[in-house]
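First listed ligand is number 1; within each ligand, the first listed atom is number 1. All values reported here derive from a predicted model rather than from experimental measurement. Quick note: residue numbers are just sequence positions, from 1.
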Amino acid sequence: MSAISSQASSIILFGPPGAGKGTQAVRISQTTGKPQISTGDMLREAVRAGTDLGNEAKGYMDRGLLVPDSIIIGLISERLKRSDASGGVLFDGFPRTIAQAEELSSIAEVSMVIMIQVPDEDIVERIVGRRMDPETGDIYHIKFRPAPSEILPRLIQRKDDNEETVRSRLNAYHQQTKPLSDWYHKLSEKTNLRVISVDGRGSIDEVAESINLELEVF
Ligand code: ADP
Ligand code: ADP
């Protein structure tokens, strides 16, 4: 995998909430050696720690709205200064607006955007059944990826993983994030950027396999 990890440029994982970005990010990170940068995880950490940034972000997250661009761009700029980011990173859940993508293009080189396509009607079941292991960060699903019985008692459900909030998160996705798909496709016509679409409706292993095939030519 040295050919892959020697690339200094970054990869973006793009898709609606619940598409499987976090699930696939762990595997892509192992394959490419690029650290996963999840703005959702960073924001939840700030909320848990009770920082000013976390307190400001919390109201938006609980309502299923996007956190303002200025907060997100500040988080990302700081994160990219860390030494592990020097060989390129894997962005998970960022950028989510055109303003964020424009800002990103001035601070990092992106060579690939992986779009995981999942229709809205599958999203609610995925999100409402999602469970997290707070000790390892592992992502499970009550039906699609059941956790081993010994860790069941410690699993948690995210506060925003309820049916009502999913509707507003999907709305935010269609209004503010989905236009980025065209934006990146247009950019790929005039640069070396590769934009690939992956059918996210198969099993977790099938989706991983489709992504791996694309990474082999990365
Ligand atoms: P995202 O990071 O895009 O919000 P996650 O990776 O957290 O998505 O996945 C959302 C939920 O759907 C989780 O409970 C996960 O276990 C489950 N999941 C992920 N990929 C698939 C898949 N291909 N098929 C069925 N369920 C999946
Ligand atoms: P999901 O797994 O549903 O894709 P995330 O964990 O990525 O959700 O994000 C959870 C919440 O954090 C979002 O609903 C939003 O409020 C906030 N958030 C995460 N990333 C961003 C971002 N790049 N821009 C704005 N808000 C964000």
Side-chain angles (χ1 to χ4, degrees), residues 12-29 36-48 53-54 56-77 79 90-104 114-133 137-147 155-173 175-178 180 198-211:
I12 291 171
L13 254 183
F14 181 89
K21 300 183 296 296
T23 301
Q24 299 299 334
V26 175
R27 297 167 180 230
I28 300 170
S29 199
Q36 173 189 359
I37 297 188
S38 156
T39 40
D41 286 347
M42 291 165 84
L43 290 167
R44 277 185 290 279
E45 185 52 46
V47 170
R48 245 190 321 270
L53 188 151
E56 196 183 340
K58 188 175 184 305
Y60 295 97
M61 296 169 78
D62 288 348
R63 283 177 290 155
L65 304 176
L66 291 188
V67 171
D69 290 334
S70 56
I71 294 185
I72 301 292
I73 289 162
L75 269 180
I76 288 286
S77 321
R79 178 64 183 83
L90 174 65
F91 292 109
D92 160 14
F94 170 86
R96 264 173 150 101
T97 62
I98 290 177
Q100 291 177 19
E102 282 172 341
E103 190 64 27
L104 178 63
I114 302 173
M115 301 190 169
I116 307 183
Q117 315 279 2
V118 177
D120 284 8
E121 56 266 30
D122 294 349
I123 294 296
V124 177
E125 187 181 16
R126 285 206 188 177
I127 296 258
V128 173
R130 173 162 54 190
R131 300 291 184 273
M132 320 286 288
D133 179 348
D138 287 344
I139 307 166
Y140 293 99
H141 191 280
I142 51 172
K143 180 167 155 193
F144 303 124
R145 194 187 176 215
L155 290 186
I156 53 162
Q157 182 171 23
R158 268 168 52 179
K159 197 178 170 201
D160 57 343
D161 277 353
N162 59 74
E163 197 160 340
E164 194 191 331
T165 312
V166 177
R167 303 269 170 219
S168 50
R169 284 156 66 192
L170 267 176
N171 189 43
Y173 171 75
Q175 302 289 325
Q176 293 166 278
T177 307
K178 197 141 185 276
L180 262 181
V198 170
D199 184 349
R201 291 171 303 175
S203 69
I204 292 174
D205 285 343
E206 284 165 351
V207 177
E209 185 53 33
S210 311
I211 294 175

Ligand-residue contact atoms, ligand 1 with Phe144, heavy atoms, under 4.0 Å: 25 (C), 26 (N)
Contact atoms of ligand 2, heavy-atom distance to Pro17 under 4.0 Å: 3 (O), 4 (O)
Donor-acceptor under 3.5 Å (Arg96 side chain, Gly93 main chain): yes
Between Asn162 and Thr165: side-chain donor-acceptor atoms closer than 3.5 Å: yes
Exam field: side chain Lys21 to backbone Phe14, donor-acceptor pair closer than 3.5 Å: no
Numbering as shown, the atoms of ligand 2 that approach Arg130 to under 4.0 Å (heavy-atom distance): 2 (O), 3 (O)
Protein contact of atom 23 (N) of ligand 1 - nearest heavy atom, named by residue and atom, plus distance: Gly202 O, 2.9 Å
Identity and separation of the nearest protein heavy atom to atom 4 (O) of ligand 1: Gly18 N, 2.8 Å
Distance filter under 4.0 Å to Ile72 heavy atoms, resulting ligand 2 atoms: 21 (C), 22 (C), 23 (N), 24 (N), 25 (C), 26 (N), 27 (C)
Ion pair check, Arg126 and Asp161, cut-off under 4.0 Å: no
Ser203 contact mode with ligand 1 (heavy-atom cut-off under 4.0 Å): backbone
Minimum-distance protein heavy atom relative to atom 8 (O) of ligand 1: Gly20 N, 3.1 Å
Distance from atom 2 (O) of ligand 1 to nearest protein heavy atom, with residue and atom: Gly22 N, 2.8 Å
Contact summary for Ile139 and Arg130, nearest pair of heavy atoms: CG2-CD, 3.8 Å
Close-contact set for ligand 2 against Lys21 heavy atoms, below 4.0 Å: 4 (O)
Lys143 bridged to Glu125 by N-O distance under 4.0 Å: yes
Atoms of ligand 1, numbered as shown, that sit under 4.0 Å from any heavy atom of Thr23: 5 (P), 6 (O), 9 (O), 15 (C), 19 (C)
Under 3.5 Å donor-acceptor, Glu206 side chain and Ser203 backbone: yes
N/O separation below 3.5 Å, Gly93 to ligand 2: yes
Arg27: partners by side chain to side chain contact (heavy atoms under 4.5 Å, CB included), with sequence neighbours left out: Gln24, Ile204, Asp205, Ala208
Closest approach of any protein heavy atom to atom 16 (O) of ligand 2, naming residue and atom: Leu65 O, 2.7 Å
Neighbour count >12 (heavy atoms, 6.0 Å) for atom CZ, Arg158: yes
Tyr140 neighbourhood, listing ligand 1 atoms whose heavy-atom distance to it stays under 4.0 Å: 13 (C), 14 (O), 16 (O)
Minimum heavy-atom distance between Gly40 and Met61, given as atom pair plus value: O-CE, 4.3 Å
Under 3.5 Å: N/O of Arg44 near N/O of ligand 2: yes
Heteroatom distance test (Arg158, ligand 2): nitrogen or oxygen, under 3.5 angstrom: yes
Protein residue, atom and distance nearest to atom 18 (N) of ligand 2, heavy-atom basis: Leu43 CD1, 3.4 Å
Shortest non-hydrogen contact between Ala25 and Asp92, atoms and distance: CB-OD2, 4.1 Å
Contact with ligand 1 for Gly15, non-hydrogen, under 4.0 angstrom: no
For atom 26 (N) of ligand 2, closest protein heavy-atom neighbour: Val67 N, 3.0 Å
Region of Leu66 engaging ligand 2 - heavy atom pairs below 4.0 Å: both
Nearest heavy atoms of Leu66 and Ala172, plus distance in Å: CG-CB, 4.3 Å
For atom 11 (C) of ligand 1, closest protein heavy-atom neighbour: Arg126 O, 3.5 Å
Enumerated ligand 2 atoms positioned under 4.0 Å from heavy atoms of Thr39: 19 (C), 20 (N), 21 (C), 22 (C), 23 (N)
Atom 13 (C) of ligand 2: the protein heavy-atom neighbour that sits closest, reported with distance to 0.1 Å: Arg96 NH2, 4.2 Å
Residue pairs involving residues 60-69 (criterion side chain to side chain donor-acceptor pair (under 3.5 Å); sequence neighbours excluded): Lys58-Asp62, Asp62-Lys159, Asp69-Thr97, Asp69-Gln100
Distance filter under 4.0 Å to Gln100 heavy atoms, resulting ligand 2 atoms: 22 (C), 23 (N), 24 (N), 25 (C)
Smallest separation among heavy atoms of Phe94 and Phe91, with atom names: O-CB, 3.3 Å
Polar proximity ligand 1 side, Ala19 side, N/O cut 3.5 Å exclusive: yes
Glu121 CD: over 12 foreign heavy atoms closer than 6.0 Å: yes
Over all atoms of both residues, closest heavy-atom pair of Leu180 and Pro95: CD1-O, 3.4 Å
Distance from atom 20 (N) of ligand 1 to nearest protein heavy atom, with residue and atom: Ile204 CG1, 3.5 Å
Minimum-distance protein heavy atom relative to atom 3 (O) of ligand 2: Arg169 NH2, 2.4 Å
